[in-house]
Protein chains: 2
Amino acid sequence: MGAQRNTEQRIMAAAEKLFLEKGYILSTTTLIAKEAGVTHAMLHYYFRTKEQIFIKVLNKNLEELISSLRPVMVYQRPVWETLKEGIEMLFDFLNTHRQLAGLIYDVISYNPQLLEAYIQGLGGLKNKMFERHREMLEDEIRSGRINPISMEQIVYDIVTMNMAVFMSMTAMKNMIGFSSEKREEFIARQKSEIVSKIHYRLYGKLY
Amino acid sequence: MGAQRNTEQRIMAAAEKLFLEKGYILSTTTLIAKEAGVTHAMLHYYFRTKEQIFIKVLNKNLEELISSLRPVMVYQRPVWETLKEGIEMLFDFLNTHRQLAGLIYDVISYNPQLLEAYIQGLGGLKNKMFERHREMLEDEIRSGRINPISMEQIVYDIVTMNMAVFMSMTAMKNMIGFSSEKREEFIARQKSEIVSKIHYRLYGKLY
DNA sequence: ATTTGCATTAACAAAGTTGTTAAACAATAT
DNA sequence: ATATTGTTTAACAACTTTGTTAATGCAAAT
């Protein structure tokens, strides 16, 4: 072996930082390498292509997300308990990964081909993770305790509302006239806002 | 004069289409020219730089937005009337310019230097357009009819909520598993959702 | 019909992008 | 010590990007 002092990890860390900061396109392999303190040939040596390294970075982040969500989803508890904790978990995760929502949006919008592999895999995950919860939800709806709504719609609403909070934050950070206190105040308020909004949609009254 | 058959406008239209579709970076001058059916030298001849043409496209769109908003803002009517119509106007505008929110977000996030000129100008506009409404709002708050909140926060909430609706739409269009009926249904619901949410924030009860 | 002046093109240039490769290098096993 | 193996670099190649420019084309004014 040569003089490697965890070059691979250094490149990963640099790539993650830049992708989150500048998006996919503006994070050039040369820039990533520079940030990691190596030649850009190293990046290709370890990861073959820019696409590959991006996939690895995204994978790492999404696996963290799934790990956070699993403890909430794995138990069969009352629908609202699971939902509330799921929303809060997602919110907290995005709050500690504030640029991730923006990056995912960027890629979905302008480089969706990078996500093709994920979209395939998503079908399987969706079924494994959500099937029992979907059944419970449908029971609640049949018995009239919850307003009619599809599982997909709920998931969609939660995901978009959560992402919107942190994407607008990233955007605002780059504009003037918004103090960081107001930002944090806004964020704090949003978490319970989302919970309330979903509750209101399901039960017809505020939580 | 040479053989010009509104080349300038054709380039503008092509640029607008591509910027909205692919964002700023992926819309190369060569691609825009190709879309317009001319050499990319023409683009530089008429607009000097890519940055310039982008500014013109953005200007055009923002001027349309201001024009839509002016009739709502210019009269001195009760606070809630102005607010409700303002929200609905912005929503309708974004609904007929569905990719604009995404483009603005893209540029704010990854090429904010393009917006520097606007950020300067924004200060003046803000004062001219909002000053009287701010006074009315503050009167309402002092008299206890409206919960304390700053003008900036209201504008910010309205803008981010509206943008979020259409950005999530653009994103979803590029993913699978979401029918266009559900999309339209979702959009229709969002307009009154935003109105309600702002009303609730100001008056403590649903609209 | 010829000059004038904008419009248009093709070719070029400089810089930057992703990716490859041959050669040099360093650490370990033999 | 040396052969082996994986690591690192510098140089290069092919392509794309933005922008310029010299030459050409075209239409109207004189």
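Just so it is clear, the structure is predicted and the values come from calculations on it, not from any experiment. Numbers restart at 1 for each chain; the letters A, B, ... are given by sequence-line order, proteins then strands.
For the residue pair B/F47 and B/Q52, the shortest heavy atom distance occurs at O-CB, 2.9 Å.
Considering only residues two or more places apart in sequence or on other chains, A/H133 meets the ring pair (Phe, Tyr, Trp, His ring centres under 6.0 Å) condition with none of them. Partners of A/I66 according to the side chain to side chain contact (heavy atoms under 4.5 Å, CB included) rule, which considers only residues two or more places apart in sequence or in another chain, are A/R70, A/L125, A/M129. Looking at residues two or more places apart in sequence or on another chain, you find a ring pair (Phe, Tyr, Trp, His ring centres under 6.0 Å) between B/F91 and B/F166. Annotation: side chain to side chain contact (heavy atoms under 4.5 Å, CB included) contacts of B/R189 (sequence neighbours excluded): A/Q153, A/D157, A/R201, B/F186, B/E193. Residues forming a side chain to side chain contact (heavy atoms under 4.5 Å, CB included) with B/E63 (at least two apart in sequence, or on another chain): B/N59. Under the side chain to side chain contact (heavy atoms under 4.5 Å, CB included) criterion, B/Q76 pairs with B/R132, B/M136, not counting sequence neighbours.
Within residues 49-58 of chain B, the residues having any heavy atom closer than 4.0 Å to DNA chain D are, in order of number, B/T49, B/K50. At a non-hydrogen distance threshold of 4.0 Å, nothing from residues 26-33 of chain B comes into contact with DNA chain C.
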Checklist entry - Tell me, for nucleotides 9-14 of chain C in 5' to 3' order, what letter each nucleotide earns: B for a base near a protein heavy atom under 4.0 Å, S for only sugar-phosphate near one, - for neither? => result BB----

Item to check | Test log, rule side-chain contact (heavy atoms from CB on, under 4.5 Å), inputs A/V165 and A/L94 | outcome: CA-CA 9 Å; A/V165 173; A/L94 291 179; over 6 Å; no

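Without hydrogens or angle criteria, A/R77 side chain to A/T82 main chain gives no donor-acceptor distance under 3.5 Å. Looking at A/S109, its side chain never comes within 3.5 Å of a backbone N or O of A/D106 through a donor-acceptor pair.
Rounded to whole Å, the distance from NE2 on B/H44 to C1' on D/dT18 is 5 Å. Rounded to an integer number of Å, the gap from A/N6 CG to D/dT8 P is 10 Å. Put simply, CG on B/L43 is 12 Å from P on D/dT20, counting in whole angstrom units. A/Y46 places its OH atom 8 Å from the C1' atom of D/dT8, with the value rounded to the nearest Å. The interatomic distance linking B/I25 (CD1) with C/dT17 (P) rounds to 12 Å, in whole Å. One atom, NZ of A/K34, and another, P of D/dT9, lie 15 Å apart when rounded to the nearest Å.
Five base pairs at each end of the helix from C/dA1-D/dT30 to C/dT30-D/dA1 define two local axes, and these are offset by 20° (rounded to 10°).
Within the model, atoms CD1 of A/I11 and CD1 of A/I32 stand 9.0 Å from one another, a figure rounded to the nearest 0.5 Å.
Within the structure, the side-chain hydrogen bond (donor to acceptor under 3.5 Å, both in side chains) test picks out the following pairs touching residues 23-44 of chain A (sequence neighbours left out): A/K17-A/E35. Listed by first and then second residue, the side-chain hydrogen bond (donor to acceptor under 3.5 Å, both in side chains) pairs involving residues 88-104 of chain A are A/E64-A/H97, A/K84-A/E88, A/D92-A/K191, A/N95-A/R98, A/R98-A/E184 (not counting sequence neighbours).
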